[in-house]
Amino acid sequence: MKKTLLLVALALMGQLALAAPKIQQVEPLCWWTNMNMPLTVMFHGEDLSDAQVSVQQLAGGKVMRGACHGLVPRSQHNAESPNYLFVDFDVREPGNYRITLKKGKKKVTCDYTIAERRNGSRDRKSFDASDLVYLIMSDRFVDGDESNNSTKDTREKANKSDVNGRFGGDIQGIINSLDHIAKLGCTAIWPTPMLGDDESAWSYHGYACSDYYHIDPRYGSNTLYAQMVQAAHKKGIKVLMDMVPNHCGSSHWWMSDLPYKNWINQFPEFTNTNNCFTANYDINASEYDRLLSNRGWFDHPMPDMNLENPDLLKYFQQWAIWWIEYADLDGLRVDTYPYIERIPASKWIGAIRAEYPNINIVGECWTRPAPAVAYWQSGVKNFDGFDSNLPTVMDFPTEEAIRQALENNGEGWGNGLTKVYDALTMDYMYADVNKLFTFLGNHDMARITDVVLDKDPRRVKLAYVLLATMRGIPQVLYGDEYAMTVDSDPNSHSLLRMPLPLGEKVTPQMQEMYDFQSRLFNWRKDEPVLHWGKTMHFISRDNTYAFFRYNDKEAVFVFANAANEPRVIPVKHYAEILSKYNPVGFSPLTGEKVDMSDDITIDGLSTLVVKLENDRGALIRK
């Protein structure tokens, strides 16, 4: 009996030996020379721990004899799972290489490419206050290729009759729409995540990643994504990638075999985040609340990643850098930034900026008031010494102020456009107001036309004039150029994310709104004073708001009247700044001359924008 058991055991061992090792994933997919970030490759498969690593150079698909000097293994370490191996390499020369993992007499190989880094990659120019960003809900925007709406290797199929289903928007749809975007005056696009998201339902939003290194086939491919970036660049349009390091999707391949138990934050039972960002810096916060804020799960199908694991942190640093380098990206948008463990999150951003010193990264810090947002912007002198390394934060306080100002007639003390004035009084909290990401709405909130009183297009236009002329980096949500609305349930995420109207679906009223915004935003493109100028504003308690964007040579005056009745613009109140410029300017929206030497009356629910120049030698005091 014992002999039989021994023979069975030896046979099983032999079968295991024959099956091992096996490689299923190699990430990152490739790398480049002259990178600041050292290369660590994560191998995943079967029985890879303690494998011996060697590299040979390839030429014409054949292994070259002799020692390999271009890609050299430096060190390696195992994970808790025996199916992972992390290998550090010295990258010295571009080329194609064959990596061998050997255990005993068995070995497995994979080919790996080191490319030569493109000239100027490190110093690439990013998006800034001179840009206008166009936000695209990738699956819902435009279906440019119906053949990829459903694929064999993804679970959820297209279903345009289900408001919560996939609609088939894709990369080709974005490529086909670049002229529409450019004509609007936008100089950058931010598509929501396009990486693999293989949940069985509700996968259209893309925020539950199942593969960090491959575009979801229902959008296209890695190659097509890079081609989209190239096509956008030819139109003068930059591309931001939407990244989600806080959580993955429950369908991610590693969820069935985690490298470490603490690769994700785990609890005895499902535990939500408490959505309490302030716990990160609240001096009265309990440790219980603080940890739950960062380690609770965003939702059931979204396991919370633990960036305090050093291998995961390195993985995410390389992942972001890989996509910037591979696709020639111009910047990043980071989803749910304050949900991430804040010190590792700062290190993650820091590594990206060390690789690309000029890169701009905007973080979604969905909180209020202004001090709570400012805490997350790099350069703010926080009381606890924390610096996020995050250059740009989303300006939720100003978004809220504009919406609240226009959702009613502004009756009562402190209401109406006074709210906008109050929001900008907090600008001193930020390290750089020109790196505030300003917006009227996004894919997670009711569309601006549904918010303003009576869905009045005059109020919508007023809001867009404010967006175009205030400090910061403006962003518009696709479809809002047509004043899209949701009549049944404006707060429904799925309903507000309907496809962009095309062809006959564009009504004359929609086209008129598009033309207005196009005129406004294309003028903004060529006005540096709106990009980098200072702000001086004037309070009023009659539901109006006046401000100047100015520098030593020129200024733009903006007067917004959110009241139903006409208002007199009290130009004499602005003498301290108006006296520095020629009082006769012009309106960029009408092309007409405007004389500001005396009071002006404007209609209700309207704006006056005047470009002024300093042609008398006067200088604005700094």
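Below 30°, between 30° and 60°, or above 60°: for Tyr84 and Phe86 the angle between ring planes is below 30°, a parallel geometry. Using a 30° and 60° split on the angle between ring planes, Tyr326 and Trp322 fall in the parallel class, below 30°. The aromatic rings of Trp263 and Trp254 sit perpendicular, their planes meeting at an angle over 60°, well past the 30° parallel limit.
From Met241, atom CE reaches atom CD1 of Ile189 across 11.0 Å, with rounding to the nearest 0.5 Å. Residue Tyr219 holds its OH atom at 9.5 Å from CG of Leu195, rounded to the nearest 0.5 Å. Note that OG1 of Thr192 and CG of Asn442 are 11.0 Å apart. Values are rounded to the nearest 0.5 Å. Once rounded to the nearest 0.5 Å, the distance linking OH of Tyr514 with NZ of Lys183 reads 5.5 Å. Note that the OG atom of Ser492 and the CG atom of Asn164 stand 7.0 Å from one another [nearest 0.5 Å].
The side-chain heavy atoms of Lys611 and Leu530, taken from C-beta on, include no pair separated by under 4.5 Å.
Ring pair Trp323/Tyr225: centre-to-centre distance below 6.0 Å. Tyr430 has its ring centre no less than 6.0 Å from the ring centre of Trp376. A distance below 6.0 Å separates the ring centres of Phe298 and Tyr339. In this structure, His252 has its ring center under 6.0 Å from that of Tyr212.
In summary, of the residues considered (Gln517, Arg519, Gln511), a side-chain hydrogen bond (donor to acceptor under 3.5 Å, both in side chains) with Asp515 occurs for Gln511 alone.
Comment: Arg549 does not engage Glu554 in a salt bridge, judged by the lack of any side-chain N to carboxylate O separation of less than 4.0 angstrom. Classification of Arg218 and Asp139 as a salt-bridged pair fails, no side-chain N sitting under 4.0 Å from a carboxylate O. One finds no salt bridge joining Arg124 and Asp330 here, because no Lys/Arg side-chain nitrogen approaches an Asp/Glu carboxylate oxygen to under 4.0 Å.
If you check the side chains of Asn222 and His214, you find no donor sitting under 3.5 Å from an acceptor. The closest side-chain donor-acceptor pair between Gln57 and His69, if any, does not fall under 3.5 angstrom. Using modelled atom types, one finds no donor on one side chain facing an acceptor on the other under 3.5 Å when comparing Thr336 with Glu364.
Cation-pi geometry between Arg140 and Phe167 is met: under 6.0 angstrom from the ring centre, within 45 degrees of the axis. A cation-pi arrangement is present between Arg447 and Tyr478 under the rule of less than 6.0 angstrom and at most 45 degrees off the ring axis. Both tests hold for Lys461 against Phe516: distance to the six-membered ring centre under 6.0 Å, angle to the ring axis within 45°.
Annotation: side-chain contact (heavy atoms from CB on, under 4.5 Å) contacts of Met510 (sequence neighbours excluded): Tyr482, Pro501, Val506, Thr507.
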